[in-house]
Structure formats: C-alpha cells, structure tokens
Peer 1: 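Dropping the structure in here first, questions after.
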Amino acid sequence: MQRGASVLEVGLIVSIVSYAAIGAKVPLGILAERVGKWPVIPAALLGQSLSLLLYSLASSPIWFYPVRVFHALILAAFAPTAIAMASDLAPSGKRGDMIGRFLTSFGAATMLGPFICSFLLGYLDYVRIFQLAAVFPLLGFTIFLPSIRRGSRRSYLKRIGISEAGRFSPLGSLKKIVASREVLILSYLRLTFSFTNAFFITIFPLYASQSLLLSSSLIAILFGVKGVTNMVFRLPSGKISDRIGRRTPLFLSYLLLALTYLIISESKDFYVLSLAMAIYGLAHGMRAVTEWALLGDSIPSEVSGVASAYLSTMFNVGGALGATASGALSLILPTSSIFKIASLIVFPGAFVPFLTRKKSFQLHANEG
C-alpha cells in the first residue's frame with residue numbers, strides 16, 4: 001500500500017507465490033537431482049537474502065511482480081529439497097523423528113517471525129525491516145559454508161548410499177513415482193487437506209468476525225492456539241510414527257480434522273472453538289510429519305527431491321482450488337454448511353492410509 005498498490009494489486013502480488021510454485025516445484029526438483037541436492041541449500045539462502053533486499057528497493061507496484069516471481073522460485077527450490085535431505089539423512093527407523101525435528105524448527109521460525117516483525121515495526125519502517133531480514137539468510141549461509149568447504153555433497157551421497165555415477169534419471173523416474181500406490185495415496189491426502197484448509201483460511205476469519213462477532217484479538221488468539229499445537233506436536237508425532245507405523249497417526253489426523261470442522265460448523269462458544277483450534281493444530285502437525293515420513297519410506301533416496309517437489313505441488317494445487325471453491329460456495333451456502341462439507345471431504349482420508357503397503361516400492365537403476 002505504501003508503494004501505491006490497490007487492494008486488487010496486493011491480492012495479485014500475494015498470489016504469485018502459490019501459482020508460481022505449482023509450475024516450478026517439480027522442474028526445480030528435477031534440476032536439484034541433476035546437479036545434486038546439496039548445492040541447492042546455499043543457493044536458496046543467498047537467493048532468499050537477495051529477494052528480501054529487492055523488496056526493500058522496489059519503488060512502485062510493478063517491481064513487486066518480478067521480485068515475487070523470483071522469491072517464489074527460491075521458496076519452491078528450498079523447501080522440498082530441505083525436506084528430502086532431512087529424510088535421506090535420517091538413521092534407520094528414525095525418519096519420522098528427523099522430519100519432526102526439521103518441521104518443528106521450521107514451524108518455530110514461522111511463529112516467531114510475525115512477533116519479531118510486529119515488535120520491529122515500532123522502531124523501523126518496512127524498508128529497514130526487509131533489509132534487516134535479508135541478513136538472517138546470510139547468517140544461515142555462513143553456518144552452512146564450512147560444510148560446503150569440506151565437500152559435504154559427496155559425503156552426503158556416500159552417507160545415503162548413492163554413487164555419483166549410479167544415480168537414477170529423475171525425469172525418467174517421475175512417472176513411476178506418480179504411479180506408485182503410496183504416492184497416489186499421499187497425493188489424495190494432501191489434496192483433500194489443502195483443499196479444506198483453504199476453506200478454513202479463507203472463510204473462518206470473516207465468519208468469526210461477522211457472524212460470531214469476535215474481536216480481532218480473540219481471532220488472533222484462536223490462530224495462535226492452532227499454531228502452537230501445530231508446532232509442539234510435530235516432534236512427538238515423528239517419534240510416535242517411527243514406533244507404531246505411519247497408518248495410525250494418519251488415521252487419527254484426518255479423523256480429528258473431520259471432527260474439528262464439524263465443531264467449528266456447530267459451535268459459537270469461544271472456549272469450544274479454542275479447543276477445536278488446539279485439535280486442528282495437533283492434527284495438522286501430526287499429518288505433515290507422518291506424510292513426509294511415509295514418502296521417505298516409499299521412495300529411494302535417488303529421487304527423493306523430485307518426489308518431495310511433486311508432493312509439495314499437490315498442496316499448492318489443493319490450496320488454490322480450495323480458495324476458489326470456498327469463495328464460490330460462500331455465495332450460495334451458509335458458512336456452517338461449508339465447514340460441514342469440509343468435514344465430509346477429509347473424513348475418508350482417515351481410512352485411505354490403510355491401503356498403503358508395508359513394503360516400499362523400488363525403482364530399478366536401469367529404468368528411466
């Protein structure tokens with residue numbers, strides 16, 4: 001707004017990341033497998049710093065469009081690759097724990113960021129905040145730099161049991177990844193979750209404000225409760241799924257999500273809604289960790305970057321479709337009915353995980 005953008009332009013600028021991610025994640029995942037996952041991390045850290053700096057230099061709304069596209073490519077390259085590496089490096093029987101630790105750190109950062117930004121706005125303008133934020137990825141790059149100097153990419157490949165010469169063709173393996181039963185199941189789960197989660201993100205704030213007459217501070221508390229339980233339960237969820245398997249945590253996650261949407265559709269009490277938000281956060285955290293762990297169990301390390309990028313894209317697709325559908329449904333249905341529809345959509349997801357096989361599928365080196 002300070003640069004003269006209209007509300008419509010702000011919406012378009014914000015949406016660029018989602019749409020760019022849909023088109024970019026899989027190609028970038030294939031590229032990461034071609035050049036190696038290891039170099040992607042420092043390149044993404046430097047790109048993140050540069051994109052934040054470019055935001056501070058943009059003098060008119062038109063400049064935000066290319067900057068936003070560049071930032072979207074950086075995010076699309078970093079997140080799936082980092083998750084794939086965390087999965088690849090997990091010790092035997094502890095993949096859920098490793099992914100839980102990674103996603104917990106990620107969640108903690110996304111929770112602390114808005115609070116720090118809110119505090120800094122009392123002392124700095126937006127330009128200075130972007131410039132200050134650009135320093136943090138550089139600090140991460142500095143921490144990562146010794147690993148680069150030690151030639152850790154080769155060490156990484158050796159640790160996960162892949163030779164430079166014997167790696168698979170990611171492009172040739174993509175079809176087999178998409179066709180595998182476990183990846184199809186995970187795609188369905190992520191599509192249904194992200195689709196209904198978009199309902200929640202799009203509609204609930206307006207519903208809470210206009211229909212429930214909750215103040216902005218109370219709505220913020222509800223989202224804060226959801227964020228805290230989402231973060232806190234990621235680490236134990238990984239450990240639990242390592243011990244009892246991936247099916248039961250996924251069953252509980254989607255069952256709790258269906259219950260949460262049903263409670264939201266029926267209750268107008270703040271304390272009941274707070275409980276529903278706590279359950280929502282728990283289910284969200286457990287679902288995310290377990291789905292990524294199941295993906296790691298089901299695909300070989302040689303194509304984990306491509307598989308992670310593909311599964312991450314499914315989340316973006318579901319979110320984009322869900323946001324559009326929620327807007328259309330809000331024109332013809334009351335909000336309570338929309339949340340009941342969301343409950344019906346995610347409920348079958350509680351039983352779909354039991355269709356997964358106990359043995360992971362394998363890709364043969366001579367295929368693709």
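All values below come from the heavy atoms of this structure, side chains included, with hydrogens, waters and symmetry mates left out.
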Peer 1: Please tell me whether S211 and K268 have a donor and an acceptor in their side chains that are separated by less than 3.5 angstrom.
Peer 2: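 Per modelled atom types, S211 and K268 side chains form no pair under 3.5 Å.
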
Peer 1: Can you list the residues that meet the side-chain contact (heavy atoms from CB on, under 4.5 Å) rule with S274, with sequence neighbours excluded?
Peer 2: L222, F270

Peer 1: Apply side chain to side chain contact (heavy atoms under 4.5 Å, CB included) to the pair L333 and I341, showing each step before the final yes or no.
Peer 2: CA-CA 10 Å; L333 294 174; I341 292 173; 3.6 Å; yes

Peer 1: Please tell me whether F200 and F223 form a close aromatic pair, meaning their ring centres lie under 6.0 Å apart.
Peer 2: yes

Peer 1: Distance-only, no hydrogens or angles: does the T324 side chain make a donor-acceptor pair with backbone N or O of A320 under 3.5 Å?
Peer 2: yes

Peer 1: Checking L191 against V317 for the side chain to side chain contact (heavy atoms under 4.5 Å, CB included) test, could you report, in this order, the C-alpha distance in whole Å, the side-chain angles of both residues, the deciding distance, and whether it holds?
Peer 2: CA-CA 7 Å; L191 281 170; V317 171; 4.1 Å; yes

Peer 1: Same cluster for I83 and F106 if Ile/Leu/Val/Met/Phe/Trp/Tyr side chains link at under 4.5 Å?
Peer 2: no

Peer 1: Taking all atoms of both residues into account, what is the closest heavy-atom pair of P353 and L189, and its distance?
Peer 2: CG-CD1, 4.2 Å

Peer 1: Hey, does the side chain of S267 reach the backbone of I263 with a donor-acceptor pair shorter than 3.5 angstrom?
Peer 2: no

Peer 1: For a quick test of reading the model, state the closest non-hydrogen atom pair linking S49 to L138 and the distance between them.
Peer 2: OG-CG, 3.3 Å

Peer 1: What's the shortest heavy-atom distance between L54 and F70, and which atoms?
Peer 2: CD1-CD2, 4.4 Å

Peer 1: Is the number of heavy atoms from other residues, nucleotides or ligands under 6.0 Å of F354 CZ greater than 12?
Peer 2: yes

Peer 1: Hydrogens and angles aside, do T356 and R181 bring a side-chain donor and acceptor to less than 3.5 Å of each other?
Peer 2: no

Peer 1: Spell out, as yes or no, whether a donor-acceptor pair under 3.5 Å connects the side chain of S105 to the backbone of F102.
Peer 2: yes

Peer 1: Flag the pair H284 / F233 as yes when their ring centroid distance falls below 6.0 Å, and as no otherwise.
Peer 2: no

Peer 1: Which atom pair, heavy atoms only, marks the closest approach of S56 to L53?
Peer 2: OG-O, 2.6 Å

Peer 1: Can you list the steps and then say if L344 with F347 is a side chain to side chain contact (heavy atoms under 4.5 Å, CB included)?
Peer 2: CA-CA 5 Å; L344 291 174; F347 181 70; 5.8 Å; no

Peer 1: Of the non-hydrogen atoms in D88 and K37, which two are nearest, and what is the gap between them?
Peer 2: OD2-NZ, 3.2 Å

Peer 1: Please find out if less than 6.0 Å separates the ring center of F251 from that of F351.
Peer 2: yes

Peer 1: Checking salt bridge (charged side-chain N to carboxylate O under 4.0 Å, His left out) for the pair E291/R246: CA distance, chi angles, key distance, verdict?
Peer 2: CA-CA 8 Å; E291 284 178 357; R246 316 300 183 199; over 6 Å; no

Peer 1: For residues I99 and S87, report the shortest heavy-atom separation together with the two atoms involved.
Peer 2: CD1-CB, 4.0 Å

Peer 1: Does atom NZ of K94 have more than 12 heavy-atom neighbours from other groups under 6.0 Å away?
Peer 2: no

Peer 1: Between the side chain of R190 and the main-chain N/O of L311, is any donor-acceptor distance below 3.5 Å?
Peer 2: yes

Peer 1: Hey, are R128 and Y123 close enough side-chain-wise for a donor-acceptor pair under 3.5 Å?
Peer 2: no

Peer 1: Given 3.5 Å as the limit, does a donor-acceptor pair link the side chain of D242 with the main chain of G96, or not?
Peer 2: yes

Peer 1: Can you confirm whether the side chains of K25 and S312 place a donor and an acceptor under 3.5 Å from each other?
Peer 2: yes

Peer 1: Assigning hydrophobic clusters by single linkage (Ile, Leu, Val, Met, Phe, Trp, Tyr; side-chain heavy-atom cutoff under 4.5 Å), is I240 placed with L250?
Peer 2: no

Peer 1: Can you sort out the partners of Y254 under ring-ring contact (aromatic ring centres under 6.0 Å, His included), two or more places apart, ordered by chain and number?
Peer 2: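 Not a single residue meets the ring-ring contact (aromatic ring centres under 6.0 Å, His included) criterion with Y254.
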
Peer 1: Ring centres of F199 and Y261 under 6.0 Å apart?
Peer 2: no

Peer 1: Using modelled atom types only, decide if a donor and an acceptor are shared between the side chain of S51 and the backbone of H71 within a distance under 3.5 Å.
Peer 2: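 Judged by distance alone, no pair lies under 3.5 Å.
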
Peer 1: Go through the steps for L295 and S308 under the test side chain to side chain contact (heavy atoms under 4.5 Å, CB included), then give the verdict.
Peer 2: CA-CA 8 Å; L295 179 68; S308 296; 4.0 Å; yes

